[in-house]
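Okay, structure first, notes after.
Residues take their numbers from the sequence shown, with the count starting at 1. In listed order, ligands and their atoms are each counted from 1. No experiment lies behind these values; they were computed from the predicted model shown. Quick note: numbers below take in every heavy atom, side chains included, and nothing from hydrogens, waters or symmetry partners.
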Amino acid sequence: MIVLSGAIGAGKSSLAKLLSEHLGTEAFYEQVDNNPVLPLFYKDPKKYAFLLQIYFLNKRFESIKKAMVQDNNVLDRSIYEDSLFFHMNADMGRATPQEVKVYDELLDNMMQELPFAAAKKAPDLLVHLDISYDTMIHRIEKRGRSYEQPEQDPTLPEYYHQLLDRYDGWYDDYDYSPKMKLDGDKFDFVENPEDRQKVLDMIDEQLRQRGTLD
Ligand SMILES: Nc1ncnc2c1ncn2[C@@H]1O[C@H](COP(=O)(O)OP(=O)(O)OP(=O)(O)O)[C@@H](O)[C@H]1O
Ligand SMILES: Nc1nc(=O)c2ncn([C@H]3C[C@H](O)[C@@H](CO)O3)c2[nH]1
């Protein structure tokens with residue numbers, strides 16, 4: 001299983017599609033457009049942060065169980081990033097210490113139940129898409145989900161800045177599996193065929209080193 005990570009609009013879903021087609025495997029996407037809690041969360045984060053987190057945790061767990069049955073299936077966000085989001089929101093006063101405790105214990109408990117707890121303890125590779133604030137905003141605008149637009153809510157730019165800051169430390173500390181970082185500002189793997197090929201070559205190389213690609 002290959003896991004993609006990165007902030008909002010980093011290009012995870014786009015790369016998941018590209019990579020899974022290239023490898024002939026299956027991609028598993030985060031529940032966004034059909035997520036009934038996400039718009040509620042952006043409208044009233046304090047009320048819905050915990051519920052949204054439980055929603056994502058449940059869906060993520062379901063995806064991981066399906067994705068891990070075959071080498072090189074692609075997951076478009078890691079379960080570890082859910083926790084990053086939630087702890088950031090909690091530090092912003094949007095969840096109580098009790099909610100954080102329940103979440104952390106539930107996550108811990110669920111992780112122990114994953115089938116790979118017995119054999120493979122983690123993804124085969126984490127591919128992190130690193131983007132700047134300007135790229136993030138540009139992509140959020142390009143994609144156009146109404147509740148994510150900065151003009152909808154004057155606190156969103158600060159939320160996005162904080163998220164990117166946390167991601168830097170998170171990637172440096174991540175040690176559950178081999179990892180690689182791609183410059184998401186530089187490589188336009190969505191529009192530019194040359195960039196697409198370069199990115200796929202870099203990932204293939206890592207997979208060969210891990211023994212999951214011939
Ligand atoms: N490397 C790239 N170069 C140019 N455009 C890109 C790149 N990656 C993504 N995009 C564009 O940015 C937008 C967001 O991309 P995508 O939905 O893949 O991001 P994501 O990381 O899955 O976001 P989220 O976590 O919010 O779901 C899309 O419009 C996509 O076409
Ligand atoms: N609060 C919160 N916790 C999460 O675990 C989480 N995971 C994703 N998201 C939001 C970011 C994008 O708007 C959108 C798509 O990634 O969903 C989250 N929000």
- Can you pull out the closest protein heavy atom to atom 22 (O) of ligand 1? Residue, atom name and distance to 0.1 Å, please. S13 OG, 2.6 Å

- Side-chain H-bond candidate by donor/acceptor type, E148 with Y160, under 3.5 Å: no

- Message: Suppose we measure from atom 31 (O) of ligand 1 to each protein heavy atom; which comes out shortest, and what is that distance?
- Response: K142 NZ, 3.6 Å

- Specify whether H161 and Y133 have parallel, tilted or perpendicular ring planes, treating 30° as the upper limit for parallel and 60° as the lower limit for perpendicular. parallel

- Between R145 and ligand 1, which residue portion shows a heavy-atom distance shorter than 4.0 Å: side chain, backbone, both, or neither? side chain

- Query: When you look for heavy atoms under 4.0 Å from ligand 1, do you find them on the side chain of R77, its backbone, both, or neither?
  - Reply: side chain

- Query: In the protein, which heavy atom is nearest to atom 4 (C) of ligand 1, and how far is it?
  - Reply: D188 OD1, 3.1 Å

- Message: Could you work out, for atom 2 (C) of ligand 1, the closest of K186, R139, K17 by heavy-atom distance?
- Response: R139

- Query: Can you list the ligand 1 atoms lying under 4.0 Å from a non-hydrogen atom of G11?
  - Reply: 8 (N), 9 (C), 15 (O), 16 (P), 18 (O), 19 (O), 20 (P), 21 (O)

- Task: Just say parallel, tilted or perpendicular for the rings of Y80 and Y176, cut-offs at 30° and 60°.
- Result: parallel

- For Q31 and N34, test the side chains for any donor-to-acceptor distance below 3.5 angstrom and give the result as yes or no. yes

- Closest approach of any protein heavy atom to atom 1 (N) of ligand 1, naming residue and atom: F187 O, 2.8 Å

- Query: How far apart are the C-alpha atoms of L23 and I2, what are their side-chain angles, what is the distance that settles it, and do they pass the side-chain contact (heavy atoms from CB on, under 4.5 Å) test?
  - Reply: CA-CA 11 Å; L23 295 167; I2 301 163; 3.6 Å; yes

- Item | Heavy-atom pair with the smallest gap, counting every atom of L75 and M1 | CD2-SD, 4.2 Å

- Is there a heavy atom in G6 that sits closer than 4.0 Å to ligand 1? no

- Task: Establish, from distance only, whether the side-chain atoms of D134 and S132 form a donor-acceptor pair under 3.5 Å.
- Result: no

- Message: Under 4.0 Å from a heavy atom of S14: which atoms of ligand 1 are those, numbered in the order shown and with their elements?
- Response: 9 (C), 15 (O), 16 (P), 18 (O), 30 (C)

- Among non-hydrogen protein atoms, atom 23 (O) of ligand 1 lies closest to R143 NH1, 2.9 Å

- Task: Carefully, step by step, assess D165 and Q162 under the rule side chain to side chain donor-acceptor pair (under 3.5 Å).
- Result: CA-CA 5 Å; D165 276 356; Q162 277 204 40; over 6 Å; no

- Can you tell me if D71 and T212 form a side-chain donor-acceptor pair at under 3.5 Å? no

- Query: Hey, is ligand 1 close enough to G9 that some N/O pair sits below 3.5 Å?
  - Reply: yes

- Could a heavy atom of E191 be found less than 4.0 Å from some atom of ligand 1? no

- Query: Between Y42 and Y147, does a ring pair (Phe, Tyr, Trp, His ring centres under 6.0 Å) hold up when you go through it step by step?
  - Reply: CA-CA 6 Å; Y42 275 98; Y147 47 81; 5.2 Å; yes

- Item | Under 4.0 Å from ligand 2 - residues by heavy atom, chain and number | I8, E30, V32, L38, F41, Y42, L52, Q53, F56, R77, D82, F85, N89, R145, E148, Y159

- Query: Below 3.5 angstrom, do we get any N/O pair linking A10 and ligand 1?
  - Reply: yes

- Indicate whether any N or O donor in one side chain lies under 3.5 Å from an N or O acceptor in the other, for T25 and N72. no

- Message: List ligand 1 atoms under 4.0 Å from K12, heavy atoms only on the residue side.
- Response: 18 (O), 19 (O), 20 (P), 21 (O), 22 (O), 23 (O), 24 (P), 25 (O)

- Is the closest side-chain donor-acceptor distance between S13 and D76 under 3.5 Å? yes

- Query: Do you see a donor-acceptor pair shorter than 3.5 Å between the side chains of N89 and Y159?
  - Reply: yes

